[in-house]
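Inspection log for the structure reproduced underneath, given as structure tokens.
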Amino acid sequence: MAKLMELEVLSPSKTLVSRDDVAYVLLDTVNGGIGVLANHAPLLAALKEGPLKIQASGGAITIAYLEGGFAEVKDNKIVIITPCAELAANIDVEHYQQLQQEALSRLENPDELTDIEHTEKILRRAKARLKTVELAQNPKGLAI
């Protein structure tokens, strides 16, 4: 039997994931995607907005959205701390498509009240959520 890992995904408002049957995790770090299997070397990584892939020992795949944060890998345990986490199945696609379009429109035609940095952040997060949903529809082909 393959060695398994524990995984916790924590945000200020909830614990999104807490399980001990994880075979593989794919993290979207600020330096690119990192796959984690059992017995991985200790690691501390900064995460960017994007998908998180979790594969359980039986092969079931769960995809979640993380709004950045940090991941610690140590002794076959992964702890992720993020400001916001959401399962792909719970993401309101229409809402984030609308936010994406509004942000793009504001960036293309800014006025004196447009906060460019804030609008870019809204756009980045909307795109990351939409990518998470897209990848959840084809988890076998997941490449961050």
Side-chain angles (χ1 to χ4, degrees), residues 4-57 59-144:
L4 301 175
M5 300 176 290
E6 293 178 56
L7 172 67
E8 286 188 301
V9 179
L10 310 169
S11 73
S13 63
K14 64 184 169 193
T15 298
L16 183 72
V17 175
S18 181
R19 54 192 310 168
D20 62 1
D21 65 340
V22 176
Y24 176 72
V25 172
L26 183 59
L27 302 167
D28 195 7
T29 76
V30 295
N31 294 318
I34 294 177
V36 180
L37 295 166
N39 299 319
H40 195 284
L43 170 74
L44 187 58
L47 305 173
K48 66 179 185 176
E49 295 103 341
L52 168 72
K53 177 182 179 179
I54 306 161
Q55 185 171 352
S57 61
I61 295 173
T62 302
I63 307 293
Y65 165 78
L66 300 178
E67 197 163 281
F70 295 92
E72 178 186 37
V73 178
K74 184 178 177 185
D75 298 328
N76 288 321
K77 183 171 183 176
I78 304 167
V79 178
I80 296 171
I81 299 173
T82 180
C84 180
E86 187 173 8
L87 294 174
N90 297 337
I91 294 173
D92 182 344
V93 173
E94 288 181 19
H95 174 72
Y96 288 103
Q97 286 173 334
Q98 181 179 350
L99 275 179
Q100 178 178 319
Q101 289 305 317
E102 289 172 4
L104 285 169
S105 177
R106 283 191 186 143
L107 291 171
E108 289 172 2
N109 301 301
D111 60 25
E112 64 277 352
L113 298 177
T114 302
D115 182 339
I116 299 295
E117 186 176 328
H118 181 71
T119 305
E120 288 173 339
K121 180 169 47 172
I122 291 170
L123 177 61
R124 191 174 59 248
R125 290 178 177 173
K127 283 183 174 183
R129 279 185 169 92
L130 294 172
K131 178 181 178 181
T132 300
V133 170
E134 181 183 320
L135 295 173
Q137 294 168 353
N138 182 21
K140 299 284 186 195
L142 180 62
I144 292 180

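Only heavy atoms go into these numbers, but all of them, side chains included; no hydrogens, no water, no symmetry mates.
Look at Arg129 and Glu49 and you find no salt bridge, because none of the NZ, NE, NH1 or NH2 atoms lies under 4.0 Å from a carboxylate O.
Nearest approach of Ala56 to Ala23, heavy atoms of both residues: O-CB, 4.0 Å. Residue Ala126 comes nearest to Leu99 through the heavy atom pair CB-CB, 4.4 Å, listed as atom of the first residue, atom of the second, then distance. Here the shortest heavy-atom pairing between Thr132 and Ala88 reads CG2-CB, 3.8 Å. Annotation for Leu26 and Gly33: closest pair CD1-C, 4.5 Å, computed over non-hydrogen atoms. The heavy-atom pair separating Glu86 from Asn90 by the smallest distance is OE2-O, 3.2 Å. Taking each heavy atom of Ala64 and Leu16 in turn, the nearest pair found is CB-CD2, 3.9 Å.
A 4.5 Å side-chain heavy-atom check between Tyr65 and Arg125 finds at least one atom pair inside the cut-off. Looking at Val25 and His40, their side chains never come closer than 4.5 Å, going by heavy atoms from C-beta outward. Residues Val93 and Leu130 meet the side-chain proximity criterion, which asks for heavy atoms closer than 4.5 Å. Side-chain contact between Leu52 and Asp28 is absent, with no heavy atoms from C-beta onward closer than 4.5 Å.
If you take CG on Asn109 and OG1 on Thr114, they are separated by 9.0 Å, rounding to the nearest 0.5 Å. Annotation: the span from Ile54 atom CD1 to Leu7 atom CG amounts to 5.0 Å, rounded to 0.5 Å. Annotation: the span from Ile63 atom CD1 to Asn138 atom CG amounts to 9.5 Å, rounded to 0.5 Å. For the atom pair CG (Leu104) and NZ (Lys127), the distance works out to 6.0 Å, reported to the nearest 0.5 Å. Atom-to-atom distance recorded for Asp21:CG and Met5:CE is 10.0 Å, nearest 0.5 angstrom. Between the OG atom of Ser105 and the CD atom of Gln100 there is a distance of 12.5 Å, given to the nearest 0.5 Å.
Of the candidates Leu44, Leu43, Ile78, Glu72 forms a side chain to side chain contact (heavy atoms under 4.5 Å, CB included) with just one, namely Leu44.
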Requested in this report: Please test Gln101 against Gln97 for side chain to side chain donor-acceptor pair (under 3.5 Å), starting from the C-alpha separation and ending with a verdict.
Outcome: CA-CA 6 Å; Gln101 289 305 317; Gln97 286 173 334; over 6 Å; no
Requested in this report: Assess whether side-chain contact (heavy atoms from CB on, under 4.5 Å) is satisfied between Leu27 and Ile80, documenting all intermediate values.
Outcome: CA-CA 10 Å; Leu27 302 167; Ile80 296 171; 3.7 Å; yes
Report task. Applying salt bridge (Lys or Arg N to Asp or Glu O under 4.0 Å), run through Lys77 and Asp75 and close with a yes or a no. Result -> CA-CA 5 Å; Lys77 183 171 183 176; Asp75 298 328; over 6 Å; no
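With a 6.0 Å radius and a threshold of 12 heavy atoms from other residues, nucleotides or ligands, Arg106 has its CZ atom at or below the threshold.
Remark: the backbone N or O of Val17 is not paired with any side-chain donor or acceptor of Thr15 at under 3.5 angstrom. Looking only at distances, no side-chain donor or acceptor of Thr29 sits under 3.5 Å from a matching main-chain atom of Leu47.
In terms of the side chain to side chain contact (heavy atoms under 4.5 Å, CB included) criterion, Pro83 has no residue partners (sequence neighbours excluded).
Counting only N and O atoms by type, the side chains of Gln98 and Glu102 include a donor and acceptor under 3.5 Å apart.
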